[in-house]
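Scope of the values below: all heavy atoms of this structure, side chains included, with no hydrogens, waters or symmetry mates. Numbering of residues begins at 1 and proceeds along the displayed sequence.
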Amino acid sequence: MSDFHYEEEDFSSQFNGGTLIRILQQARPHWKWVAGFVVAVALVSFLDAFFTYLNKLIIDEGILAADRDRLVGLIVVYAAMIFLQAAAVFTFIYLCGILGQRVMYDLRKKVFNHLQNLSFSYFDRTPVGWIMSRVGSDTERMADLITWNMLDIVWSVTNIVMALVFMATIHWQLTLVVLLLIPVLVVVAVWFKQKILVEYRKARKLNSKITGTYNENITGVRVVKALNREAANLKEFDGLTSDMYRAGYRAAWLSALFLPVVQFLSAVAVGAVVWFGGLETQVGGITIGGIQAFIAYITFMMWPVQEMARVYAEMQQAVASAERFFSLLDSKPEVVNRPGAVEADTMRGTIEFDNVTFYYQPEKPVLTNFNLTVKAGETIALVGPTGGGKSTIVNLLSRFYEPKAGVIRINGRDYTEYTLHAIHARLGVVLQTPHLFSGTIRENIRYGRLDATDAEVEEAARLAGAHEFITALEHGYDEPVGEGGVLLSVGQKQLISLARAILAQPDIFIMDEATSSVDTLTEALIQQGMENVMKNSTSFVIAHRLSTIRRADRILVIENGGISEMGNHAELIRQKGHYYNLYTTQFRQALEQQYDPFANGARANGHSANGHQAEENVA
């Protein structure tokens, strides 16, 4: 497990302003909500600053001046402002919460739609855990930046601006003293911001690997336990989590250090104001209430600066997450509709591979100048050693990949001239490892044609040989299958997959090792279902169990990216080549039992079924 980890893109250690702008652009469709909560936050910030100024007036014009009427009037204004502030607080919290949910909805919908359009090659090279991390935690961090972090930034900036405005109103010379502190704070903030970003990028990259490791160990739990890999996997996982802990620890330590630095600078500012303000009171330049208000405004201004330290740290996390999210969103599908691609009512017709060359890696070609012509309605079986190119042929035919050289034609037309929908909508595929979606059996079969009636679903199940076991279940067709079909056996899942393909009534039908993991009885049911769907389809069958393909119109032995033998079952047996060797190896025992002259009657009777099967295969 430790030998392979997905190596994602490394990003610059500099703060990526373009990524931040791109994050904020996600709120553009909801600008009314953004404007609403920004106005509400600005109003709260203004009222906070105004309360401090009212305190100055209460001290100077009410208490020290002993003016009862003025004091009562100021208190009434204070109370009215409190009610107004409460309404503004409710408004921005409500709008911010709604905006966050809308942005997360948009991001997840956008990336889900994008994943649907990506080519198979992307999923071949990208771990599921990495993708899930982008769709899950990364979208949440981006939404938080657009909402709550933006709220904190707006609140902090307006607090600082309002504090400076009211300080300038009270005593502009003292305000200049405080302003000298601002450049120092900016330099400190930028330095800490860059250091924190580096550590959070490390943490996010390691988080992707950890999520992928979780996925591998959960989905492969049977193999892990069977091979007693728990201790070794735990050691490898501990290494990943330790690295992430160290990166997160350094980021947290830098974030925590920023706050004392800001507090020290604010203490310096308060000391300067107290000293300079004390001198000014002696000459009547500022009142006692003015000094009190100035100290309050410094605290009022420094608190947002401290809060922005936290926002900076979270912003670094959001930017690090967004860089990876957008790298997913910016990935381009390799197989796309060509300009002028057309729809088609059917894919029935002659299929031709004309000098097709294909490779996953340029130095390792899988198919080289491959040629094959298949007539409409013909059944083609593909056999041969693993890695010979069998699955690649059907993947190319399905247009999950496209040839690197050469042409594949359907009905005499280059199949890239058709839309992807035209091909995929008329394609039926049953895989070696069947996949079912969470839901009921009926819903999984109907996935092959969403507008199918219940009667059509049940008829497809009958043709596939699945009806009998389905009706024996407690809830019949409404029986839940569990996540990935975990509540059913492999054979039952395979039969449901076959029923799904039958319901779709495909023009091109592909069976990829569909019987390799099932028992003999289930294999017989699958063969029956295959024959039903093949009646109206051009079919390609990949099989290691040769009993499933002996009735194929042609059997191709695929080796080293080409066809080494071709013919029907009887023709290939007579050639005594590779197919003959495969066949005789699989059925040697049955043949020996049939022709063993020393077998007693009881033994012969006990194996008569096997002998009969072997005789059919030889024929």
Got a salt bridge between [X] and [Y], using NZ or NE/NH1/NH2 to carboxylate O under 4.0 Å?
{"X": "R409", "Y": "E417", "answer": "no"}
{"X": "D144", "Y": "R141", "answer": "no"}
{"X": "R338", "Y": "D414", "answer": "no"}

Could you tell me whether F90 and F92 have their ring centroids closer than 6.0 angstrom?
-> no
Give a yes or no on whether the ring-centroid distance for H424 and F400 is below 6.0 angstrom.
-> yes
Which distance, rounded to the nearest 0.5 Å, do you find between the [atom1] of [X] and the [atom2] of [Y]?
{"X": "K404", "Y": "Y360", "atom1": "NZ", "atom2": "OH", "value": "10.0 Å"}
{"X": "D138", "Y": "R324", "atom1": "CG", "atom2": "CZ", "value": "8.5 Å"}
{"X": "T416", "Y": "I408", "atom1": "OG1", "atom2": "CD1", "value": "9.5 Å"}
{"X": "L164", "Y": "I160", "atom1": "CG", "atom2": "CD1", "value": "7.5 Å"}
{"X": "S119", "Y": "K332", "atom1": "OG", "atom2": "NZ", "value": "12.0 Å"}
{"X": "R442", "Y": "D478", "atom1": "CZ", "atom2": "CG", "value": "4.5 Å"}

CA sep, side-chain torsions, deciding dist, call: M150, L99, side-chain contact (heavy atoms from CB on, under 4.5 Å) | CA-CA 11 Å; M150 184 191 295; L99 177 63; 5.8 Å; no
Quick one: does [X]'s side chain get under 4.5 Å of [Y]'s, heavy atoms only?
{"X": "I510", "Y": "I542", "value": "no"}
{"X": "W148", "Y": "C96", "value": "yes"}
{"X": "D106", "Y": "H30", "value": "yes"}
{"X": "F509", "Y": "L498", "value": "yes"}
{"X": "V103", "Y": "M142", "value": "no"}
{"X": "I508", "Y": "L427", "value": "yes"}
{"X": "Y477", "Y": "I445", "value": "yes"}

Please check if the number of heavy atoms outside [X] that lie under 6.0 Å from its [atom1] is greater than 12.
{"X": "D345", "atom1": "CG", "answer": "no"}
{"X": "F51", "atom1": "CZ", "answer": "yes"}
{"X": "F437", "atom1": "CZ", "answer": "yes"}

Per side-chain contact (heavy atoms from CB on, under 4.5 Å), L436 is matched among V486, I496, I441 by I496
Could you walk me through whether S327 and E323 pass the side-chain contact (heavy atoms from CB on, under 4.5 Å) test, one step at a time?
-> CA-CA 6 Å; S327 74; E323 287 170 334; over 6 Å; no
Please test V457 against L503 for side-chain contact (heavy atoms from CB on, under 4.5 Å), starting from the C-alpha separation and ending with a verdict.
-> CA-CA 7 Å; V457 168; L503 184 65; 4.1 Å; yes
With no hydrogens and no angle check, do the side chains of N159 and S45 hold a donor and an acceptor under 3.5 Å apart?
-> yes
